[in-house]
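Down below is the structure, laid out as structure tokens.
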There are 2 protein chains.
Amino acid sequence: MTWLQELENCITEGQVLTSLANRYSYSFDASFGEHLPEAVVKVKQKQEVVQVLKLANKHLIPVYPRGSGTCLSGGPLPVHGGIVLDLSQFPKKIDMRPEDLTVTVTPSVLTAKINDEAEKHGLMYAPDPSSAHVATIGGNLAENSGGPRGLKYGVTKDHVLGLEVVTPEGDVIRTGGQTIKNVTGYDLTKLIVGSEGTLGVIVEATLKLMPKPPAVQTMMIAFSNVRKAGEAISKTLTSGILPAKMEFMDQACIQAVENFQPIGLPVDAAAIIIVELDGHPEALQVERKIVEEIMNDMGAEDIIIPKTDKEAKDLWHARKQVSPAIAKIKPTKVSEDATVPRSKIPDFMDRLQAIKEKHKVEIVVFGHAGDGNLHPNILCDQRDAEEMKRAELAVEEMFEAALELGGTLSGEHGIGTMKAPFLELELGEVGVDMTKRIKDAWDPN
Amino acid sequence: MTWLQELENCITEGQVLTSLANRYSYSFDASFGEHLPEAVVKVKQKQEVVQVLKLANKHLIPVYPRGSGTCLSGGPLPVHGGIVLDLSQFPKKIDMRPEDLTVTVTPSVLTAKINDEAEKHGLMYAPDPSSAHVATIGGNLAENSGGPRGLKYGVTKDHVLGLEVVTPEGDVIRTGGQTIKNVTGYDLTKLIVGSEGTLGVIVEATLKLMPKPPAVQTMMIAFSNVRKAGEAISKTLTSGILPAKMEFMDQACIQAVENFQPIGLPVDAAAIIIVELDGHPEALQVERKIVEEIMNDMGAEDIIIPKTDKEAKDLWHARKQVSPAIAKIKPTKVSEDATVPRSKIPDFMDRLQAIKEKHKVEIVVFGHAGDGNLHPNILCDQRDAEEMKRAELAVEEMFEAALELGGTLSGEHGIGTMKAPFLELELGEVGVDMTKRIKDAWDPN
């Protein structure tokens, strides 16, 4: 009996997909890679995950867990064939314990739903990837996703208290727990979150909630000079104020969004910064004035304060539209997320400008500038081999620039298959070796 | 040539201690264990750490890194003999980069010094173990120390961006980096922080700083009923307010502190809660009123608002005196830090009371009640074998109670040698196995 027959025998009919059309649907994500799996299993319960992993372990078949497939770095792509494990069909459980400020969820739950449920209790689930309304928490956990609110509240990993995980050999472990503080044993929770599905399959997670801030204040600031905008960000962050969000969009992004879904962004500005302060209304008034002063000192062209909640929401909606809007400009979008220390943002912007000119590639820049996490996107066409070659060189130089400025290859999208070749550049030979040792110890096959 | 001779040959004279008196000085920490090492090496630079670890790896000699020895769980104790590596003599480097909101330090720096330096730039290093003025950051990193401010700001691990580590085989790796966000590769940083010296020796760390809150507001609330105090804590935390600190002291602690260093605590109260709110002065007024209302609703006997900064400082000083004060009551202090979900604090207090009565042991309770992290301390006399037996049984039941209530063995002190026998109770057999696999992969010898 082949492993595929064995798989079909042990999993309920209809949950194992092997037709070419079905396999093709699972061969891509939101990056530009493409790899065909040999089979797809839509798992609906922990026991099925155990069965698939035990079987795959026995037959040495690679397994790739997957949520909604919104990954920008190729994490769920079956690069060596094998089985894609689709966890999006798991029962969607959101078990709120507001009195403990915790919630337990299954991997198939959409991230935005967790925050919606928390808000009913005056609480908040802080991580807010821009894809939260379509991405699953399972994918967020695997990739340790960030988001605009990461500036003040940190990324996914900072909000995970415990996990239930099926190991590569098909055993079930519980890591961490339900308490806010826990130093019992090695921190397997934070090792597994962000390990991109290589150390096990998460089947349940307990997350930390926090009181929802009583008020928010959105501001948009326009600059006629990109470097000045970068300096204004640094200046704000060393003024004693920590905004919840501090986002950056360059002119190309502004124009792309306005072409895609006009909401009245200043298309002539070289760059805009969108800020969200949160806290008590009294404190927000004080902080807003300080930010206004800093922005004026740094030569802001215009400061726009939304007059209504709707106007503020529209601004943030515009920010969320950047990715789909720029995807319309050219067929291929190489989305990077190199990250630098905050004070190096102006320098990094200069370097990006130089790379753009040198390689004659179209680069648009946006991102979570407040934490040094920019998203330079190269817009190109995969069918144009010569242009793709230039894009590749540009990406390589971007990584080099980020590392030279004391930064990292990836702030929030993960390494996946896209950045794997560059890993040693950052971790060093021994660092990669120590990483491999953990993988080998947990997954000898 | 013996390994000891080889060691003396490769390390500068005077830095290798082998006399019984010297070795004895390194045989204990702030727990009640005692183990004699064969040698102590006072390392002063990275290269010496490399040499010691390479030599120890070759000769299969265990190595125990150590800072100031303030550990409450026996982490630095040489349970199998071998070498104690004293890192407290490393050059003390505090390299502030206020514009990046980061600082790079060597392991020998006292934790409180980092915060002192940060304050000069209007910043704060948030973790504040009560021993911060005598403990080194190296020890804090090894044990992932907490502290009162953990309630709002998290523990040591939440503030570490990158490490330089000498592996058990004597190689040097850098983990993480200087950026606030980083998802490049496995999170070796968070794996090593809290691994209690078992995965390598930290020789440098880059830490996250944050803007120092513009104002703080201290409050002390007295209760005539312990359970009510516990309920008041839960109530506050679900009201939308997240205090920076929320500490608990029972009557025995209050009286011990007053006997040790009188500052006017209410010795008749069954328990007190000390709260610190932080943020903008305007916001603090609002939050203070809400906390006062909750405390009154929950039947508080008295609410004391310090009139001056000095009065507030005295209150926090009193809280810091608990450990030394109760150590005066009886010769042996078994300090635990079992932690439960916040809503289970009242239940945990009931369980502690029952354990105290059942085993006729003296238990005093204080701690960071806001995050469910209590410190039940059993006061006993190591020379009284019968009493120690009862204390042991009480500790075991404390752990069981914590785990039954969904808690953990250790919230912030670490497992060390004291709690190692109980590890499997929490992690399960496979969990312990997966932990061992990592240790074996990194340190085959």
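Keep in mind that this is a model prediction, so the values were computed, not measured. Throughout, a chain's letter reflects where its sequence line sits, starting with A, and its residues are numbered from 1.
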Pair T179(B)-R342(A), side-chain donor/acceptor within less than 3.5 Å: no

- line: OG1 of T104(B) to CG of L207(B), rounded to nearest 0.5 Å, is 7.5 Å

task: For a side-chain hydrogen bond (donor to acceptor under 3.5 Å, both in side chains) with D278(A), tell me which candidate from Q217(A), K152(A), R149(A) qualifies.
output: K152(A)

Region of I241(A) in contact with chain B, defined by heavy-atom distances below 4.5 Å: backbone

query: What part of T167(A) lies closer than 4.5 angstrom to a heavy atom of chain B: side chain, backbone, both or neither?
result: side chain

field: Portion of V430(A) that has a non-hydrogen atom of chain B nearer than 4.5 angstrom
entry: both

Residue among H280(A), K419(A), K235(A) with most heavy-atom pairs under 4.5 Å to chain B: H280(A)

field: Residue P98(A) versus chain B: region with a heavy atom under 4.5 Å
entry: backbone

query: Salt bridge check: are R174(B) and E426(A) linked by an N-O gap of less than 4.0 Å?
result: no

- prompt: Should P211(B) and L101(B) count as side-chain neighbours, where that means a heavy-atom distance under 4.5 Å?
  reply: yes

- prompt: With a 4.5 angstrom heavy-atom cut-off, which part of K157(A) approaches chain B: side chain, backbone, both or neither?
  reply: side chain

message: As an exercise, state the distance from CG of L161(A) to CG of L209(A), rounded to the nearest 0.5 Å.
response: 8.5 Å

- prompt: So among T206(A), N182(A), T175(A), which one has a side-chain hydrogen bond (donor to acceptor under 3.5 Å, both in side chains) with T189(A)?
  reply: T175(A)

- line: Among L427(B), V340(B), D158(B), the residue with the most heavy-atom pairs under 4.5 Å to chain A is V340(B)

message: Can you tell me which portion of S234(A) sits under 4.5 Å from chain B's heavy atoms? Options are side chain, backbone, both or neither.
response: neither

- prompt: Using a cut-off of under 4.5 Å for heavy-atom pairs, which of D440(B), T339(B), D371(B), L423(B) has the most such pairs with chain A?
  reply: D371(B)

- prompt: Top residue by heavy-atom pair count (under 4.5 Å) with chain A, among I345(B), V155(B), L242(B), T198(B)?
  reply: T198(B)

task: Under 4.5 Å heavy-atom distance to chain B, tell me which part of E143(A) shows up: side chain, backbone, both or neither.
output: backbone

message: side chain to side chain contact (heavy atoms under 4.5 Å, CB included), that's the test. Do L163(B) and V193(B) meet it? Break it down for me.
response: CA-CA 9 Å; L163(B) 299 173; V193(B) 173; 4.0 Å; yes

message: Among R437(B), K439(B), M124(B), E282(B), which residue has the highest count of heavy-atom pairs closer than 4.5 Å to chain A?
response: R437(B)

task: Side chain from CB out, backbone as N, CA, C, O: work out which of these in H121(A) comes under 4.5 Å of a heavy atom of chain B, or both, or neither.
output: neither

statement: From the list E196(A), K344(A), E287(A), the residue making the most non-hydrogen contacts under 4.5 Å with chain B is E287(A)

task: State, yes or no, whether a side-chain contact exists between V103(B) and R97(B) at a heavy-atom distance under 4.5 Å.
output: no

field: Portion of E424(A) that has a non-hydrogen atom of chain B nearer than 4.5 angstrom
entry: neither

field: Selection from G176(B), S410(B), A420(B) maximising heavy-atom pairs under 4.5 Å formed with chain A
entry: S410(B)

query: Rounded to the nearest 0.5 Å, how far apart are CG of D171(B) and CD of E429(A)?
result: 9.5 Å

message: Is Q178(A) in contact with chain B via its backbone, its side chain, both, or neither, using a 4.5 Å heavy-atom distance?
response: both

message: Does K212(B) form a side chain to side chain contact (heavy atoms under 4.5 Å, CB included) with E119(B)? I'd like the steps, not just the answer.
response: CA-CA 7 Å; K212(B) 191 185 166 200; E119(B) 287 200 344; 3.5 Å; yes

query: Which answer fits L409(B), side chain, backbone, both or neither, if we ask what part of it has an atom under 4.5 Å from a heavy atom of chain A?
result: both

Greatest number of heavy atom pairs closer than 4.5 Å to chain A - which of L188(B), N373(B), N144(B): N373(B)

query: Side chains of T156(A) and N140(A): do they bring a donor and an acceptor to under 3.5 Å?
result: no

